Every structure is written in structure tokens, then in C-alpha cells.
Amino acid sequence: MPELPEVEITRRRIEPLLLERQIARVKTTRDSYFFLTKPKTLRRALPGRRVTAVTRQGKYLIADLDNGQRLLLHLGMTGQFFGAGATSVRLLSSTQRAALSPETQVKFEPDEHTHLQLWFDDAGPAVFFRDVRKFGKVRLLKCNESDPRLDRLGIDALKVSGEDLFRASKPRKAAIKNLLLDQSVCAGIGNIYADEALFISGVRPTRRAFRMTRSECNQLATNLQRVLSRSIETGGASISDFVGPDGEDGHYQDETQVYGRTGKPCHHCATTIRRTVLAQRGTHYCPSCQR
DNA sequence: GTTCCCCTGCGG
DNA sequence: CCGCAGGGGAAC
């Protein structure tokens, strides 16, 4: 799912569900790729703790704990971080969905994909982290412990300037889209927003980075901010898995110009949108508007 | 730089 | 059956 806007939406809406509540009980699935910190360690360390803040760096969420430790979370491709009260068909498999009448609202019950369950000592809702593909990550950092994943992040995509992009582009012969996806250059951009910002900027994703002009880099930086901010405004993009912590869908998927529109007419010039592959990702562009 | 892999599910 | 999917890291 999640790129910067979806992670930011998750941060804003999960924070009030966590702040100043004492964790009473922690349930996990068995150890897997998902757990950078062993599940047994989490079950032992988290009870008794309170979250004092939730921040975001690129696509990572960081929950500060009241003892100075920090919980590092990444949603991967299919991560869902939500309150127990959330009701959304996106929390169900398609077979489960098919068995339901459209109006039914089913309370979510933790399943085999619900890798982390935080239960509190008050009457409020539990908080769950579910991730079908297990590309997500959870790690408990000790006081002042750093993490190489955070250390290598570049400037946040909401703050990147045209000059930053221009400087990073000069020595690169790879495609500009690959540069945008490189989290050490600029943190938070993923496949959807790279394609969308390049479309608005009139730049083809396959363009060699060093061929970008200063003015195109300025345009690109502006359009990245525009696209990311607009997506945050609309609650993020709910393409297949993303739900907000309250179970709400985002709506940005209804506004994409090129992403997911292969074979459809460009909204600007009606030329058929094409799909190619860059950095192992489906890449969507208008061959007429983007040069 | 590419290429392959992690994992599960959906849709053609 | 096959290809595809908002991610990222390690190995060539």
C-alpha cells in the first residue's frame, strides 16, 4: 500500500488511539520475516508502556514509548494499522467478502495475518497491525538506539526542493523514476506518486536523470508536493488493501492521471496511456504529454 | 547499475 | 496456469 500520504494518514489517525494509554497485553503471530525484533521480546517488553508520540520518517512510523524506547513500524505493501473498532471489507479476504451482503458491517476479528495486537488496560479499543504479505516490519529500539533504515533516509518528500533533485540527478544515468524511488535521495515517494508527479511535470519516467534540467527539477519538486498533499487531503489511495486506522477508505485512487490507467485515454490529450517496467515496478505514462 | 527474493492473494 | 500488486534489501 503505503507511500508517504497513506503512512501520514495512518500516523494522524492512529496517534489518538495510542497516546497515553497503558499497554496491558500483547499478542503476536509466530516469528517471521516481519519481526525485526523477536515476537517474544515484544510480548515481554511492551506491557506497562505508554506511547507518548507517533512520528513519521519517509514511510516509517515511530512510536515513542514512555521509557525512551521506540517502536519502529513499516507497513510494507499490505500493512494495515488500525483500531479494533474499524469495520472495512478491506480487512477481509475476497471469499469472506463474497459471503456477505453488501450492507453488512462485521466487527474485525484478529486472524493469522494480524501480527501484532496491542490490548490496553482501559475500556478503549485494541490496536492491530495486520499484514498479509509480511513485507511490513516491526522493530523495538532501545533508548538512543539508531536504525540503519532510518539513518539512510534522504530528505522528506514533502520538503524536497528542485535544487535537491537537480543535485541528485546530475551524476545519475539511471531513469529519473528510479531516482524518485530511491529513499536515500528523498524519502516517502513510491510507485503511484512517482508516476503521477512525472506525468504532471511532463517528464517521461524513463528519462535519464542527468538529462533533467534545473527548471524541470523545480517543476517536479513542486508537483511532488502537490500530489502528496492532495492525497493526504483525500485520505490517501485505497487501491486494494489500504484502510485508515478507523477503517475509512482513502479516495486518491479516483484522481490518478496515469497510475492504473494503462490502455485508457490520457485526461489531457486522449492518447492511450502506456505501461512499461522500471525498477521492477509497473510504470504508467502518456507518450504524448511526457517527453 | 540490474536481478532476484521475501510473501500471499486476486484476477485474467 | 500465469502475471500482477502503494516495499525494500541483498546479491551479482
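Letters A, B, ... mirror the listed sequences (proteins, then strands); counts begin at 1. Note that this is a predicted model, so its numbers are computed, not measured.
Between the C1' atom of C:dA5 and the CZ atom of A:Phe135 lies a distance of 9 Å, rounded to the nearest Å. The distance from atom CG of A:Asn178 to atom C1' of C:dG9 is 15 Å, rounded to the nearest whole Å. Protein atom CG of A:Leu179 is 14 Å distant from nucleotide atom P of C:dG8, rounded to whole Å. When the P atom of C:dA10 is taken as reference, atom CG of A:Leu36 falls 11 Å away, rounded to whole Å. Computed from coordinates, the A:Gln280 CD to C:dG7 C1' distance equals 12 Å when rounded to whole Å. When the C1' atom of C:dC4 is taken as reference, atom CD1 of A:Ile192 falls 14 Å away, rounded to whole Å. Here C:dG7 presents its P atom at 7 Å from CG of A:Leu181, a figure rounded to the nearest Å. In this entry the distance linking CG of A:Leu150 with P of C:dG9 reads 10 Å, nearest Å.
Partner of A:Val185 under the side chain to side chain contact (heavy atoms under 4.5 Å, CB included) criterion, out of A:Leu179, A:Leu180, A:Asp164: A:Leu179 alone.
Contact annotation for A:Lys59: backbone-only contact, meaning every heavy-atom pair under 4.0 Å involves sugar-phosphate atoms and none involves a base. Heavy atoms of A:Ser184 sit nowhere under 4.0 angstrom from any nucleic acid atom. As judged by a 4.0 angstrom heavy-atom cut-off over every strand, A:Tyr252 is placed among residues making no nucleic acid contact.
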Stepwise ring pair (Phe, Tyr, Trp, His ring centres under 6.0 Å) test for A:Tyr285 and A:Phe199: CA-CA 6 Å; A:Tyr285 67 99; A:Phe199 171 79; over 10 Å; no
Please evaluate residues A:Glu163 and A:Arg214 with respect to the criterion salt bridge (charged side-chain N to carboxylate O under 4.0 Å, His left out), reporting the C-alpha separation (whole Å), side-chain torsions for both, the decisive distance (0.1 Å), and the verdict. CA-CA 7 Å; A:Glu163 194 52 37; A:Arg214 190 179 295 267; 2.7 Å; yes
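For the pair A:Arg281 and C:dG7, the criterion of a side-chain N or O lying under 4.0 Å from OP1 or OP2 is met. For A:Arg152, a side-chain nitrogen or oxygen approaches OP1 or OP2 of C:dG9 to under 4.0 Å.
Protein chain A touches strand DNA chain B; the 5'-most and 3'-most nucleotides with an atom under 4.0 angstrom of its non-hydrogen atoms are B:dG1 to B:dC10.
With 3.5 Å as the limit, one finds no donor-acceptor pair spanning the side chains of A:Arg261 and A:Thr256. In this structure, a donor-acceptor pair under 3.5 Å is present between the side chains of A:Asp111 and A:Thr114. For the residue pair A:Thr222 / A:Gln225, no side-chain donor-acceptor distance below 3.5 Å is found, with atom types taken as modelled. Donor-acceptor pairing under 3.5 Å is lacking for the side chains of A:Lys177 and A:Thr206.
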Here DNA chain C, pairs taken as Watson-Crick or G-U under 3.5 Å and shown with ( ), [ ] when crossing and | when to another strand, reads |||||.||||||
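Going from the C1' atom of C:dC1 to that of B:dC6 covers 22 Å, rounded to whole Å. Taking atom P in both C:dA10 and B:dC7, the straight-line distance is 16 Å, to the nearest Å.
By the 6.0 Å and 45° rule, A:Arg172 does not stack over the aromatic ring of A:Phe210.
Proximity of A:Leu116 to A:Phe128: side-chain heavy atoms (C-beta onward) are nowhere separated by under 4.5 Å.
Using the six-membered ring where Trp is involved, A:Tyr193 and A:Tyr252 have ring planes that are tilted, between 30° and 60° apart. By the 30° and 60° cut-offs, the orientation of the rings of A:His115 relative to A:Phe34 is tilted.
Listed by residue number, there are no residues of residues 26-34 of chain A with a heavy-atom contact under 4.0 Å to DNA chain C.
A:Arg21 has a carboxylate O that lies under 4.0 Å from a charged side-chain N of A:Asp122, or vice versa, which qualifies the two as a salt bridge.
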